[in-house]
There are 2 protein chains.
Amino acid sequence: MGDGYHHGNLRQALIDAGLKLINESGEENLSLRKVALQCNVSHAAPYAHFKDKEELIEAIKESVTGSFMRELQEAIGKASNVDEEIVNMGKTYVTFFVKNPDYFKFLFGSQNIEAHLRCDNEYKDDYPPFVLLKEEYLKYLDAHNMRRSDDEKELDIIKLWSSVHGLASIACMTGVKTSLDWNDKILSDLRIT
Amino acid sequence: MGDGYHHGNLRQALIDAGLKLINESGEENLSLRKVALQCNVSHAAPYAHFKDKEELIEAIKESVTGSFMRELQEAIGKASNVDEEIVNMGKTYVTFFVKNPDYFKFLFGSQNIEAHLRCDNEYKDDYPPFVLLKEEYLKYLDAHNMRRSDDEKELDIIKLWSSVHGLASIACMTGVKTSLDWNDKILSDLRIT
DNA sequence: TTTGTCATCTTGACAGTGTAAAGATAGCTG
DNA sequence: CAGCTATCTTTACACTGTCAAGATGACAAA
């Protein structure tokens with residue numbers, strides 16, 4: 001490693017640089033060449049680590065999703081019962097994106113969202129935040145001794161997800177920050193009926 | 001008009017061509033030059049009608065929003081009471097985008113959504129579909145003799161909007177079509193409590 | 001040590017992009 | 001008719017993603 005011909009850990013550096021660029025001026029301002037430049041590396045160097053611009057973007061998305069997951073977990077950890085866990089998680093889901101709408105646009109905005117969620121005809125069962133939501137939901141059912149058919153479960157989860165995701169989406173696309181307390185009110189009401 | 005030097009109605013032709021390209025291969029495949037080519041016109045001709053690529057995209061979005069509005073109105077027209085109107089509208093909101101997810105990604109996906117919703121620090125009060133939703137909501141309150149404070153109204157509307165929008169968003173981003181009946185179940189339950 | 005292999009990085013090239021500037025065209029107004 | 005002006009063409013430029021050919025150096029085998 002070092003500052004000679006070989007960078008040392010270019011792959012991660014490219015991801016970080018890309019993330020920085022997105023934070024500064026959104027995805028539309030992200031170019032492979034700028035990312036490379038920021039790493040003091042030639043414009044074609046990224047191709048040793050990513051076959052595509054898309055593949056770099058994918059890696060950056062995974063990085064963002066990682067931060068997202070960490071915040072969700074942390075919020076859950078602070079709760080003292082399952083009901084609170086779900087509410088905390090919902091609030092954090094929205095808050096995370098309200099804090100920087102660019103992330104929402106980046107993750108769910110641009111082109112091939114399917115690629116990132118890697119959905120195989122079902123709303124992605126291994127998209128980490130979704131898995132987490134699912135676990136919390138099942139925990140909730142268990143804690144309340146509720147029995148549900150598989151169909152009812154799917155329905156509940158979609159309902160739960162779409163309410164927080166819709167809130168985040170609207171908050172991010174309208175840029176309205178004043179409604180944060182409304183979100184709170186709505187999310188405090190999150191429960192499975 | 002005519003096929004000589006001047007096109008006749010290039011502006012609309014460009015919008016139509018752009019719409020077609022998006023339908024065929026998504027927004028990421030849309031370029032000013034392709035649009036111009038499809039209209040048998042030089043690559044710089046669009047600049048007589050749009051100052052920007054962004055301005056053309058904006059015009060296309062307005063066109064899509066127009067179609068969207070027409071379907072919403074039609075759905076409302078088929079209802080026989082206010083409750084049904086709201087449910088129909090909600091279902092159509094989701095169905096319209098499920099029918100062609102590219103439109104959802106185009107409208108709410110790419111970069112400057114704010115520009116399209118032209119929000120001035122409030123969730124767009126002159127974004128047509130939102131205005132329609134608001135009207136329907138007020139009609140609903142009136143029909144049921146319900147009184148609400150302004151804050152409660154805002155809260156209800158956000159709730160209403162985010163539930164249908166979140167559903168549409170998830171449907172479009174996951175590409176899950178099988179859940180259309182779930183959407184129906186959820187949306188049949190749309191009511192202000 | 002020497003040799004060879006291989007991932008990594010550079011250089012150079014290419015087609016496609018958005019956009020600006022300067023000029024051509026033709027329809028409209030006087 | 002003359003002139004104006006919106007519309008369209010041509011030319012040019014910087015920037016993009018991507019590819020191919022080569023340079024570099026780390027590391028393993030000899």
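All values reported here derive from a predicted model rather than from experimental measurement. Computed over heavy atoms, backbone and side chain alike; hydrogens, waters and symmetry mates excluded.
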Atom NZ of B/Lys51 and atom P of C/dG18 are separated, to the nearest Å, by 14 Å

Taken to the nearest whole Å, NE2/A/His49 to C1'/D/dG17 is 17 Å

May I ask you to verify if any side-chain N or O of B/His43 is less than 4.0 angstrom from the OP1 or OP2 atom of C/dT19? no

Just distance, no hydrogens or angles: give the donor-acceptor pairs under 3.5 Å from side chains in residues 36-46 of chain B, sequence neighbours left out.
residue: B/Gln38; atom: OE1; partner: B/Lys20; partner atom: NZ; Å: 3.4
residue: B/Ser42; atom: OG; partner: B/Ala44; partner atom: N; Å: 3.4

From OH of A/Tyr47 across to P of D/dC19 the rounded distance in Å is 6 Å

Residues of residues 10-19 of chain B with a heavy atom under 4.0 Å from any atom of DNA chain D, listed by number, are B/Leu10

**Study point:** Lys/Arg N to Asp/Glu carboxylate O, A/Lys105 vs A/Glu28, below 4.0 Å
**Key:** no

For residues 9-40 of chain A, the ring pair (Phe, Tyr, Trp, His ring centres under 6.0 Å) pairs (sequence neighbours left out) are none

With sequence neighbours left out, the residues meeting side-chain contact (heavy atoms from CB on, under 4.5 Å) with B/Asp150 are B/Lys153

Those residues at least two apart in sequence (or on a different chain) that pass salt bridge (Lys or Arg N to Asp or Glu O under 4.0 Å) with A/Lys34 are none

Whole-Å distance, A/Phe50 CZ to C/dC9 P, equals 11 Å

In short, the helix from C/dT1-D/dA30 to C/dG30-D/dC1 is bent end to end, axes from five pairs each side, to 10°, by 0°

Here the distance between atom C1' of D/dT9 and atom CG of B/Leu37, to the nearest Å, is 14 Å

Hits for side-chain hydrogen bond (donor to acceptor under 3.5 Å, both in side chains) against A/Asn100, two or more places apart or cross-chain, chain-then-number order -> none

Here the distance between atom P of C/dG18 and atom CD of A/Glu28, to the nearest Å, is 15 Å

Sorted by chain and residue number, the salt bridge (Lys or Arg N to Asp or Glu O under 4.0 Å) partners of B/Glu135 (sequence neighbours excluded) come out as none

Sequence neighbours excluded, the answer for side-chain hydrogen bond (donor to acceptor under 3.5 Å, both in side chains) partners of A/Glu136 is none

Sorted by chain and number, sequence neighbours left out, salt bridge (Lys or Arg N to Asp or Glu O under 4.0 Å) with A/Glu55 holds for none

ask   = Are the side chain of B/Thr95 and the backbone of B/Lys91 linked by a donor-acceptor contact shorter than 3.5 Å?
value = yes

Of the listed D/dT9, C/dT10, C/dT19, the closest approach to the B/Ala45 side chain comes from D/dT9

Comparing nearest nucleotides in DNA chain D, the 5'-proximal residue of the pair B/Ala48, B/Ala44 is B/Ala48

With the criterion being N/O to N/O and under 3.5 Å, what pairs connect the protein with nucleotides 13-16 of chain D, and how long is each?
residue: D/dT16; atom: OP1; partner: A/Ser31; partner atom: OG; Å: 3.2

A/Glu54 CD to D/dG17 C1', in whole Å, measures 12 Å

So ring pair (Phe, Tyr, Trp, His ring centres under 6.0 Å) across residues 63-85 of chain A, not counting sequence neighbours, yields A/Phe68-A/Tyr93, A/Phe68-A/Phe96, A/Phe68-A/Phe97

